[in-house]
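As structure tokens, the structure follows; a few thoughts come after it.
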Protein chains: 2
Amino acid sequence: MPVSAAPIRIILTEDDPALRVHLGDAIASEADMLLAGSAANLADGAALVARGGYDVLLCDLGLPDGSGIDLIRQSAQRWPEADVLVVTMFADQDKVLASIMAGARGYVLKGDAMAEALAAIRAVHAGGSPISPTIARQLLRRIQPAPAQPSPLSDRELELLRLLARGFSYAECAGLLGLSAHTVASHVKNIYRKLEVNSRAEALYEANVLGLIQP
Amino acid sequence: MPVSAAPIRIILTEDDPALRVHLGDAIASEADMLLAGSAANLADGAALVARGGYDVLLCDLGLPDGSGIDLIRQSAQRWPEADVLVVTMFADQDKVLASIMAGARGYVLKGDAMAEALAAIRAVHAGGSPISPTIARQLLRRIQPAPAQPSPLSDRELELLRLLARGFSYAECAGLLGLSAHTVASHVKNIYRKLEVNSRAEALYEANVLGLIQP
DNA sequence: TGCACCATCCCATGATCATGGCATGACAAG
DNA sequence: CTTGTCATGCCATGATCATGGGATGGTGCA
């Protein structure tokens, strides 16, 4: 008979006492879960995070002494293997997104049945990210390449710009492209004119803003 | 009595004849959907895409004359407002991810009930991205910041590096930071020594690789 | 106490950059 | 034919950068 898996150790930061107790009780009554800590504010939550020893952090955002997003960030930095679920309201899509950008891997909706919350905990611990298609769509917007703008630069100019971005001197670029250094300088003049800049760093910054080269 | 909404115009690229007909029939029999075109290979699919006039592209990946990923890319570039769903097998998680990176907004699983496919079409058309928590997790890995490496640079050095990245001269940086230009040059020497580089562009490149500054 | 790092500042100087000006030939579009 | 772009190439020159060398005072650690 194999030994049972270790319970999911959960810490909870939630300032609403009723919800904190309700969630805490629900977790404590699950055989595969363990309530490893509970906090009512950011400072106490931060102490729990600093101490470690948890698999999942449930984190409310509106805390009396600060934003739960900071706590999410701390957890993600300090314990990147630990999962974080935001405890939030349905209307708070922007906040969910901000939390995800800070390191959360899903959310638990206030007002949902406890069974939903427990399922989200199990899902995130199992390596998933329980998010809605709407949130997923917002995420896709952040990772899918934008439709290409027509580039103001010619292919040759882009080729040279990539070398400049690596830090090669004109002479080195010339060698790499099989040109004269004078030609490189001529291309640079054209590139800077088109991008309306006056230095390499400015050009690289602008090219990055315009999506012309990979950052 | 309000007029009914326009049907979802769907084009389909799928080389398996049985599945193409099956999907096509399912779509055509839905009151809110319209099969706007059907192709059995990449070239015909590309012609459908080029013609436009569709809201959702259903796209198989393994086509006899090339990869459906190219078609997805074309659709995303040419018609960024159109939605794309990959037609794929459950085991093809890597391909789903690659498709999503190319511009798809969800997937339809071969072998699933038609009702699932139709639901996915409606979901994506309604602005969602119907993806599993596992796929979502993989996506999060791409957008969430990696745990910060300890930076070799001091805060002051980082502050200066950000200004250098914008293209400010030493004199300008000095003015902005309330320092002497000599001090700026001294900081630059330290920055370049720590990053083991010899020019601003090299420093910026390296800083970007190390995640020290935002690209 | 000694050492390293941080932050600040300075000098001197060679190397590189940036840019105005010039040129040629090829190609495409009106 | 004219014009503009692209790709290539050159000259001259002032501005800026990069860097070796030097300095001070403050802080933290062994």
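Chain letters run A, B, ... following the sequence lines, proteins first, then strands; residues in each count from 1.
For the pair A/Ile8 and A/Asp83, the minimum side-chain heavy-atom distance is 4.5 Å or more.
Look at B/Tyr192 and you'll find a side-chain N or O under 4.0 angstrom from OP1 or OP2 of D/dA18. OP1 and OP2 of D/dT5 both lie 4.0 Å or more from every side-chain N or O belonging to A/Asn190. Between B/Lys189 and C/dA7 there is no side-chain polar atom (N or O) within less than 4.0 angstrom of OP1 or OP2. The shortest distance between the side-chain N/O atoms of B/Tyr170 and the OP1/OP2 oxygens of D/dA18 is below 4.0 Å.
For the pair B/Glu14 (side chain) and B/Asp16 (backbone), a donor-acceptor distance under 3.5 Å is present. Remark: side-chain polar atoms of B/Arg105 are paired, donor with acceptor, to backbone N or O of B/Ala82 under 3.5 angstrom.
Atom NE2 in A/His182 sits about 20 Å away from atom P in D/dA7, given to the nearest Å. The distance between atom CZ of B/Phe168 and atom P of D/dA15, rounded to the nearest whole Å, is 21 Å. Between the P atom of D/dA7 and the NZ atom of A/Lys194 lies a distance of 7 Å, rounded to the nearest Å.
Contacts of A/Ala171 with the nucleic acid, taken as non-hydrogen atoms under 4.0 Å apart, are absent.
Contact of B/Ser186 with C/dC9 (side chain to base): a donor-acceptor pair of N or O atoms is detected under 3.5 Å.
For B/Arg156, the listed nucleotide lying nearest its side chain is C/dA7; candidates were C/dC9, C/dA7, D/dT19. Among the nucleotides C/dC6, D/dT8, D/dC17, the one closest to any side-chain atom of B/Ser154 is C/dC6. When distances run from any side-chain atom of B/Ser169 to the nucleotides C/dA7, D/dC6, D/dC17, the shortest one goes to D/dC17.
Shortest non-hydrogen contact noted between B/Ala104 and A/Leu140 is O-CD1, 3.7 Å.
Ranked by how close their nearest DNA chain C nucleotide is to the 5' end, B/Pro152 and B/Thr183 are led by B/Pro152. Both B/Ser180 and A/Val197 lie close to DNA chain C; mapped to their nearest nucleotides by heavy-atom distance, the more 5′-ward contact belongs to B/Ser180. Of the two residues near DNA chain D, A/Leu179 and B/Ala201, the one whose nearest nucleotide lies more 5' is A/Leu179.
Results of the salt bridge (charged side-chain N to carboxylate O under 4.0 Å, His left out) test with A/Asp60 over A/Lys110, A/Arg20, A/Lys95 single out A/Lys110 as the only residue that passes.
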